[in-house]
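Notes to accompany the following structure.
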Amino acid sequence: LYREAEMCRKVNRVICVTGEDRDYLKEYVPAEKLAVINTGVDLDYFSYSEAGKDPNAIVFVGAFRHSPNLDAMRYFYREIFPAVVRERPEAHLYIVGSSPPDEILELGRSANITVTGFVEDIREYYRLAQVVVVPIRTGVGIRGKVLEGWAAGSAMVASPLACQGLKARHGDNILIAGNPNDFARNTVELMENPLKCIALARKGRRTAEELYGWDSMGRQMIAEYERTCLRGEYARFRGGGND
């Protein structure tokens, strides 16, 4: 962290992807150097679709070289999924992402679980999922998998941390669950209520379109560059142009 803080002090502007990240950096970097621009999602690539859902399909997406994804799947498998299967014995969990370690591959021995490893086209699984689960408990920044799920038209259940920095509204564009019981209950509720899934998915897509498209993010970033450059030009002018 010391090295990152030193680097931030040397530049004119630091772009944070969440307000929480900005507030944390305020301890190390002058507040006037900090700005917040969220990350975004490709709305054309993750095209919205309500067709092709498997009412029994639960999907988790995450590359397993990223340790928060490994922790999330341990948590979901041990503390949430058993309760889901008790209520919905036909439920099937798809664990989708590159570099699954042996302990994740072993989960695929269950009749209720498929471990895919790396896939060429992640959109196939967003289209399949009745429910996308995001049980993240560690890490920082914005969760791209939530933005992808919104863009693709997925109903989601997520942890509070997974929603950090996002315009996530429980019961409107996502379901937020802070403990295993609520997470399992919300997952089962969506599996049994396709109309609620559609309502959440439509609101999620609208959220992505209004707030998180790359075009919007790009415009914000360009404006920030222009403001920073103009401030630099003004500072050089005031200083006599000797640099």
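The residues of the chain are indexed from 1 along the displayed sequence.
With rounding to the nearest 0.5 angstrom, the CD atom of Q130 is 8.0 Å from the CG atom of D54. With rounding to the nearest 0.5 Å, the separation of OG1 in T207 from CZ in R169 is 4.5 Å. Distance SG/C8 to CG/L25: 5.5 Å, rounded to 0.5 Å. To the nearest 0.5 Å, atoms CD1 (I136) and NE2 (H66) are separated by 6.5 Å. Between the CG atom in L190 and the CZ atom in R185 there is a gap of 10.5 Å [rounded to 0.5 Å]. In this structure, D21 CG and I15 CD1 are separated by 12.5 Å, a value rounded to the nearest 0.5 Å.
Within 6.0 Å of CZ in R137 there are more than 12 heavy atoms belonging to other residues, nucleotides or ligands. Shown here is K33, whose NZ atom has more than 12 heavy atoms of other residues, nucleotides or ligands within 6.0 Å. Annotation: F46, atom CZ; neighbour count of heavy atoms from other residues, nucleotides and ligands within 6.0 Å is above 12. At most 12 heavy atoms of other shown residues, nucleotides or ligands fall within 6.0 angstrom of atom OH in Y225.
Linking Ile, Leu, Val, Met, Phe, Trp and Tyr residues whenever their side-chain heavy atoms come within less than 4.5 Å places F76 and L105 in a single cluster. V133 and L200 fall within the same hydrophobic cluster, defined by Ile, Leu, Val, Met, Phe, Trp and Tyr side-chain heavy atoms under 4.5 Å apart, directly or through other members. Linking ILVMFWY side-chain heavy atoms closer than 4.5 Å, directly or via other members, places Y126 and V96 in a single hydrophobic cluster. Taking hydrophobic clusters as Ile, Leu, Val, Met, Phe, Trp and Tyr residues chained together by side-chain heavy-atom distances below 4.5 Å, V157 shares a cluster with V85. Linking ILVMFWY side-chain heavy atoms closer than 4.5 Å, directly or via other members, places F60 and L175 in a single hydrophobic cluster.
Panel note: side chain W150, backbone I174; no donor-acceptor pair is recorded below 3.5 Å. Remark: side-chain polar atoms of D182 are not paired, donor with acceptor, to backbone N or O of G178 under 3.5 angstrom. No donor-acceptor pair under 3.5 Å is formed between the side chain of N173 and the backbone N or O of A208. No donor-acceptor pair under 3.5 Å is formed between the side chain of D42 and the backbone N or O of W214. A donor-acceptor pair under 3.5 Å is formed between the side chain of N38 and the backbone N or O of V17. Side-chain atoms of S216 do not come within 3.5 Å of backbone N or O of Y212 as any donor-acceptor pair.
Taking the six-membered ring for Trp and thresholds of 30 and 60 degrees, F183 and Y75 have ring planes more than 60 degrees apart, a perpendicular arrangement.
With 3.5 Å as the limit, one finds no donor-acceptor pair spanning the side chains of T138 and D71.
S99 and F64 get closest at one heavy-atom pair: O-CB, 3.2 Å. Of all heavy-atom pairs spanning I95 and M73, the tightest one is CD1-SD, 3.7 Å. Residues F81 and I113 approach most closely at CE2-CG1, 3.8 Å, considering heavy atoms. Heavy-atom minimum distance, A151 versus L43: CB-CD2, 4.1 Å. Heavy atoms only, all atoms of each residue included: P55 and M191 are closest at O-CE, 3.6 Å. Scanning all heavy atoms of the two residues, the minimum distance from E90 to N112 falls at C-ND2, 4.4 Å.
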* Passes side chain to side chain contact (heavy atoms under 4.5 Å, CB included), R143 versus L161? Steps please. -> CA-CA 9 Å; R143 314 301 166 182; L161 184 63; 3.5 Å; yes
* **From CA spacing to verdict: side chain to side chain contact (heavy atoms under 4.5 Å, CB included), L147, L166** => CA-CA 9 Å; L147 297 180; L166 294 169; 3.6 Å; yes
* Taking it one step at a time, do V119 and E124 satisfy side chain to side chain contact (heavy atoms under 4.5 Å, CB included)? -> CA-CA 9 Å; V119 297; E124 171 187 344; over 6 Å; no
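For the salt bridge (charged side-chain N to carboxylate O under 4.0 Å, His left out) test, no residue two or more places apart in sequence or in another chain qualifies with R127. Applying the salt bridge (charged side-chain N to carboxylate O under 4.0 Å, His left out) rule to K53 yields no partners; only residues at least two apart in sequence or on another chain are considered.
For the pair V61/V132, no side-chain contact is recorded, criterion being any heavy-atom separation below 4.5 Å from C-beta on.
Remark: E209 engages R205 in a salt bridge, criterion side-chain N to carboxylate O under 4.0 Å. Between K145 and E148 no salt bridge is recorded (no basic side-chain N to carboxylate O distance below 4.0 Å).
Checking each of V59, V146, I176 against M156 for a side chain to side chain contact (heavy atoms under 4.5 Å, CB included) leaves exactly one that passes, namely V146.
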